[in-house]
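Let me begin by presenting the structure, written as structure tokens, before commenting on it.
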Amino acid sequence: MSRKPVPAQSGERSRVEVTFDKPQLLPQLFGEYDSNLLMLEERLGVYIHARGQRVVIEGSAEAVAHAREVLQELHSRVIRGEEIDGGLVDAVIAMSNEPTLTGIIRAEPNGEGNPPIMIRTRRKTIVPRSAAQTHYMRELVSNDMIFALGPAGTGKTYLAVAQAVAQLMTGSVQRLILSRPAVEAGERLGFLPGDMKEKVDPYLRPIYDALYDCMPPEQVERRIASGEIEIAPIAFMRGRTLSDAFVILDEAQNTTPAQMKMFLTRFGQNSRMVICGDPKQVDLPGGPGASGLNDAVTRLEGVEGISLCRFTAADVVRHPIVGRIVDAYEGPNA
């Protein structure tokens, strides 16, 4: 890997050399055609030259120190068996800017070397990719009811589904109940073709996608057939008590206050309930003022046993352009 050095952004020019052990893991660390190193160069304004187990980083002193920290963190993740891709590289760069995360990702700050925060499912091990995700993943195991608020791409629903799958696998809950409002963006079920399942499945597709990412497809289908996993529109929740279950409501901003109250009062013994939504993306005719999510947050913030986790565009963990799009829509000219 050899390219023209990137000019230092500011401050005194610095050069540091890092030597990694376990050379068999370096192709995963560097990425195909050194794509991960190229991303570090672009994001941090440094020049990186790799030869064998030795990596030389050049640039401003601050940028070089930052790049070395990120490379070392990525290396430790490779050793733990995590798959390194562009999204994770971006996430580690973002997390390295969060001083409150010192000691959280590598081990708990008590110094006892506890394992990092993670969710283990049959198909993958999921770790936080932002400070807000770290807080959210902690709340998912410590509170009975969690509201996850923020824009698309921040992992609200995905992490909730992953935690639900993990708890189903360990037997701490007996079933998963995954729900969404079935009327969005001006479309109504009566005008869609097919039976009820065919009508609502397109609205629930993101939940299916998250399930298939955490569990083999044949297991998903088998558990849906047995009733261990139930995916249904919110109207199907009326009159029920949801006990021994992990319950997720997605796109909650598109519920009415009456629907939200009905859903929240379904809560039963030995259950956990996660309500995910973006308060700024309400598709109901009355706008944000008609949203059951916004109404519930106003009423329930500070109530014991209920946690509110807020995400921003800075926590978007999809392609970086998604975060920039969110910023453009929510900025001063929005």
Side-chain angles (χ1 to χ4, degrees), residues 132-133 135-164 167 173 175-186 188 200 203-204 206-207 210 230-313 315 326 330:
Q133 283 195 358
H135 172 65
Y136 182 41
M137 289 171 71
R138 282 181 166 159
E139 296 303 297
L140 284 172
V141 297
S142 60
N143 276 291
D144 293 331
M145 185 176 290
I146 302 100
F147 284 82
L149 314 172
T154 50
K156 304 182 302 295
T157 303
Y158 186 88
L159 291 175
V161 171
Q163 182 63 35
Q167 291 196 212
V173 296
R175 54 186 175 151
L176 310 186
I177 300 173
L178 312 168
S179 186
R180 263 186 143 189
V183 178
E184 299 178 16
R188 299 189 180 277
V200 302
Y203 294 102
L204 303 171
I207 293 177
E230 179 182 349
I231 305 175
I234 191 172
F236 286 33
M237 302 297 112
R238 190 173 299 279
R240 304 173 59 184
T241 299
L242 308 177
S243 302
D244 297 305
F246 198 115
V247 187
I248 299 171
L249 175 62
D250 193 25
E251 297 292 338
Q253 74 274 7
N254 289 324
T255 61
T256 65
Q259 286 176 320
M260 179 62 75
K261 180 183 177 183
M262 177 274 291
F263 184 82
L264 296 178
T265 53
R266 302 307 93 199
F267 193 84
Q269 293 293 326
N270 190 37
S271 290
R272 178 160 290 136
M273 186 175 279
V274 184
I275 300 93
C276 305
D278 182 353
K280 297 181 179 180
Q281 295 295 320
V282 178
D283 296 314
L284 298 172
S291 171
L293 177 63
N294 294 340
D295 179 68
V297 169
T298 301
R299 295 174 183 273
L300 300 177
E301 186 164 14
V303 172
E304 184 179 355
I306 298 177
S307 171
L308 268 62
C309 298
R310 289 185 167 89
F311 296 84
T312 69
D315 302 306
V326 172
E330 295 183 358

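In this chain, residues are counted from 1 in sequence order.
Looking at residues two or more places apart in sequence or on another chain, you find no ring-ring contact (aromatic ring centres under 6.0 Å, His included) involving Phe246. Taking Lys280 as the reference, Glu330 meet the salt bridge (Lys or Arg N to Asp or Glu O under 4.0 Å) condition, with sequence neighbours excluded. Remark: Gln259 engages Ile234, Thr255, Thr256 in a side chain to side chain contact (heavy atoms under 4.5 Å, CB included) (not counting sequence neighbours).
Taking 4.5 Å as the limit, every side-chain heavy atom of Met145 sits out of range of all side-chain heavy atoms of Val303. Proximity of Arg266 to Ile177: side-chain heavy atoms (C-beta onward) are nowhere separated by under 4.5 Å. Contact of the Thr154 side chain with the Tyr136 side chain is not registered, since no non-hydrogen atoms from C-beta on lie closer than 4.5 Å. Residues Gln133 and Leu159 form a side-chain contact, since some pair of their non-hydrogen atoms from C-beta on lies under 4.5 Å apart. You'll find the side chain of Glu139 stays beyond 4.5 Å of the side chain of Gln163, heavy atoms only. Between Arg310 and Val297 the shortest side-chain heavy-atom distance falls below 4.5 Å. Taking 4.5 Å as the limit, every side-chain heavy atom of Val161 sits out of range of all side-chain heavy atoms of Leu176.
Here Asp250 contributes atom CG and Arg180 contributes atom CZ; the two are 4.5 Å apart, rounded to the nearest 0.5 Å. Within the model, atoms CG of Leu242 and CZ of Phe263 stand 7.0 Å from one another, a figure rounded to the nearest 0.5 Å. In this structure, Leu149 CG and Cys309 SG are separated by 8.0 Å, a value rounded to the nearest 0.5 Å. Taking CG of Asp244 as the reference point, atom CZ of Arg175 lies at 7.5 Å (rounded to 0.5 Å). Rounding to the nearest 0.5 Å gives a distance of 5.0 Å between CG of Leu178 and CD1 of Ile248. Annotation: the span from Ile275 atom CD1 to Thr157 atom OG1 amounts to 11.5 Å, rounded to 0.5 Å.
Of all heavy-atom pairs spanning Asn143 and Ser307, the tightest one is ND2-CB, 3.6 Å. In terms of heavy atoms, Ser179 sits closest to Ala232 at OG-O, 2.9 Å. When all heavy atoms are compared, the tightest approach of Gly268 to Thr241 is CA-CG2, 4.0 Å. What you find for Val274 and Cys276 is that their closest heavy atoms are CG1-SG, 3.8 Å. Taking both residues in full, the closest heavy atoms of Asn294 and Pro279 are given as OD1-CB, 3.0 Å, listed atom of the first, atom of the second, then distance.
Between the side chain of Ser271 and the main chain of Phe267, no donor-acceptor pair closer than 3.5 Å is present.
Counted within 6.0 Å of CZ on Arg299, heavy atoms from surrounding residues, nucleotides or ligands total 12 or fewer; the atom is thus considered open.
With 3.5 Å as the limit, one finds a donor-acceptor pair spanning the side chains of Arg272 and Gln167.
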| From CA spacing to verdict: side chain to side chain contact (heavy atoms under 4.5 Å, CB included), Leu300, Leu264 | CA-CA 11 Å; Leu300 300 177; Leu264 296 178; 3.7 Å; yes

| Verdict with reasoning, Val282 to Asn254, per side chain to side chain contact (heavy atoms under 4.5 Å, CB included) | CA-CA 6 Å; Val282 178; Asn254 289 324; 4.2 Å; yes

| query | Passes side chain to side chain contact (heavy atoms under 4.5 Å, CB included), Glu301 versus Phe147? Steps please. | reply | CA-CA 9 Å; Glu301 186 164 14; Phe147 284 82; over 6 Å; no

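Considering Thr265, Leu249, Asp295 in turn, Leu249 is the only one that fulfils the side-chain contact (heavy atoms from CB on, under 4.5 Å) rule with Met260.
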